[in-house]
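In what follows, a structure is listed as structure tokens, so that the remarks can point back to it.
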Amino acid sequence: ASLVTVLFHLGEMATATQSLDEDTFRTLGAELGYDVQIVSPEDEERELLAGFDIDLDAELEAEDDDDLAPRPPVVTVMGHVDHGKTKLLDAIRSTDVVADEAGGITQAIGAYQVRTVHEGEDRAITFIDTPGHEAFTAMRARGAQVTDIAILVVAADDGVMPQTIEALNHAQAAGVPIVVAVNKIDKEGANPDKVMQQLTEYNLVAEQYGGDTMFVQISALKRQGIDDLLEAVLLTADAALDLRANPDKDARGVAIEAHLDKGRGPVATVLVQSGTLRVGDAIVAGNGFGRVRAMLDEHGKPVEEATPSRPVLVLGLTAVPGAGDTFLVAPDDRTARQIAERRESAARAASLAKRRKRISLEDLNEALAAGKVETLNLILKGDGSGSVEALEDALLGIEVSDDVELRIIHRGVGAITQNDVNLATVDNAVIIGFNVRPAERVAELAEREGIDMRYYSVIYQAIDDVEQALRGLLKPEF
Ligand code: GDP
């Protein structure tokens, strides 16, 4: 509360849980007599890798123009709910000739690439298969910028809606050019002109109106206008962006989606951003490491190498990375392991920095009333990074009163482990397992330590319980 007061005197209105921008932090630091250094995830990564003689800046500087080759644009589809994002991603996927050859079966690996002929040239476009700006923003928060172009889907019968504006704000804040797909033009009452008009207010001015934003009328349902849309994406990419990368070096990129596969162990879809990833490479992704045992493309076909902008499913990691974690190829297995260990201990140190006492959901309200706790710490484990993120978003969306704070101190994909229980012990946290459970040995440890562990398979039930606990209404379980 005292920080809020200081901010208030500086002329900044803030609440206790709000995040502040960098300038405010600096001003605040100066006011309190501290030298504030803003450490971005990129800086942390840079510093960590420098310890292993991997110098990202020197590498980029040494790069010659001749080393750079064109790479396909990476596209995210955004827009208001029900405006047709999923349908559009399906429609685009079905235009791919390669998919036809492979028997039309496309695996959902979190991203896919399609080929199209543009001005007589065979071109590829990569699509992130998770629609919406939430995933986009979650990745950006981790310092990963994967999207080059955003397709903003607006239903022509509905027009600009709140999430349309939210999505375009996120894209514009990230400096990502937007192509507008005016969808559902097959519907009665479709009014594409109105959409164009509405969007001029948000600096998206159609070429017809003298602006430089491309608007394409489509029907995702009837699969009309899809080629024009792909054309518009490539035209926008060529006009606004210089998409090139050096394919002739060790690969770097971002994990887009990952989960624990019963038969294959941790599998991760990674997007190569520079260099070329090859089977046999020693790789670190998040705090997982290993040798690339095999790579599969979006058709489930094995591939030997992946060049920039190529998404591939990677097998052979020891742990499941989070969506937005960076990956890189290390010089050897040992270095890969050490980088992963360093990342893990850095993450653990960050969590340990917030020690507290033990708590269960049932006695939360009593503890709150007695002033023994002010925070409900949660550890989330789930069967996929998508579900964990959805759960986290929903939990963080719970309205809490002023005297309690809800904090998610750790989240991850896979079974509940001894490490999770240890963390819950030191940080006094409740563990929530979404479609995952602990091994017997781990369950015993949790029991001994008095850790409250709860299992759910439906998100809203988890939300409900946490909400009830916060209000002191949760009945004890017997
Ligand atoms: P999302 O929430 O943005 O992913 O939207 P969906 O792709 O799930 O689409 C929402 C609904 O709109 C579904 O019932 C679709 O069948 C329908 N829909 C999507 N595109 C079109 C279209 O071009 N025309 C018509 N008539 N309906 C569409």
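Treat the numbers as computed from the prediction; the structure is a model and nothing was measured. Heavy atoms only: backbone and side chains are in, while hydrogens, waters and symmetry mates are out. Counting convention: from 1, in listed order, for ligands and their atoms alike.
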Check your understanding: In terms of atom number and element, which parts of ligand 1 are under 4.0 angstrom from non-hydrogen atoms of D186?
Key -> 22 (C), 23 (O), 24 (N), 25 (C), 26 (N)
Review point. Can you tell me how far CG of L317 sits from CZ of R264, rounded to the nearest 0.5 angstrom?
Key: 12.5 Å
Point to revise | Within-cutoff protein neighbour (heavy atom, under 4.0 Å) for atom 13 (C) of ligand 1 | key: no
Point to revise | Side-chain heavy-atom pair N169, I165 within 4.5 angstrom cut-off | key: yes
Review point. Counting heavy atoms only, which part of D82 comes closer than 4.0 Å to ligand 1: side chain, backbone, both or neither?
Key: both
**Study point:** Ionic contact status for R291 with D281, cut-off 4.0 Å
**Key:** no
Practice item. Could you tell me whether the side chain of I178 reaches within less than 4.5 Å of the side chain of T236, counting heavy atoms only? Key: no
Practice item. Identify, for atom 20 (N) of ligand 1, the protein heavy atom at the shortest distance, and state residue, atom and that distance. Key: N183 ND2, 3.1 Å
**Study point:** From the candidates K187, M78, K87, the one that places a heavy atom nearest atom 15 (C) of ligand 1
**Key:** K87
Check your understanding: Would you find a donor on one side and an acceptor on the other, under 3.5 Å apart, between the side chain of D325 and the backbone of G322?
Key -> yes
Study note, to complete from the structure: For H80, the atoms of ligand 1 under 4.0 Å from one of its heavy atoms are 3 (O)
Review point. Applying a strict 4.0 Å limit to heavy atoms, is Q224 in contact with ligand 1?
Key: no
Check your understanding: Okay, side chain of T318, backbone of G288: is any donor-acceptor separation there less than 3.5 Å?
Key -> no
Check your understanding: Nearest protein heavy atom to atom 22 (C) of ligand 1, by residue and atom, and its distance?
Key -> L221 CB, 3.3 Å
Check your understanding: Would you say G84 and ligand 1 have an N/O pair spaced under 3.5 Å apart?
Key -> yes
Review point. F434 and Y456: aromatic ring centres closer than 6.0 Å?
Key: no
Practice item. Using only heavy-atom distances, determine whether the side chains of Q113 and T126 contain a donor-acceptor pair under 3.5 Å. Key: yes
Exercise for review: Determine the minimum heavy-atom distance between N246 and L68, stating which atoms define it.
Suggested key: N-CD2, 3.6 Å
Review point. Is the closest protein non-hydrogen atom to atom 18 (N) of ligand 1 under 4.0 Å?
Key: yes
Point to revise | atom 4 (O) of ligand 1 - nearest protein heavy atom and its distance | key: T86 OG1, 2.5 Å
Check your understanding: Counting only heavy atoms, which portion of K184 has something under 4.0 Å from ligand 1: side chain, backbone, both, or neither?
Key -> both
Check your understanding: Can you find an N or O of L88 that's nearer than 3.5 Å to an N or O of ligand 1?
Key -> no
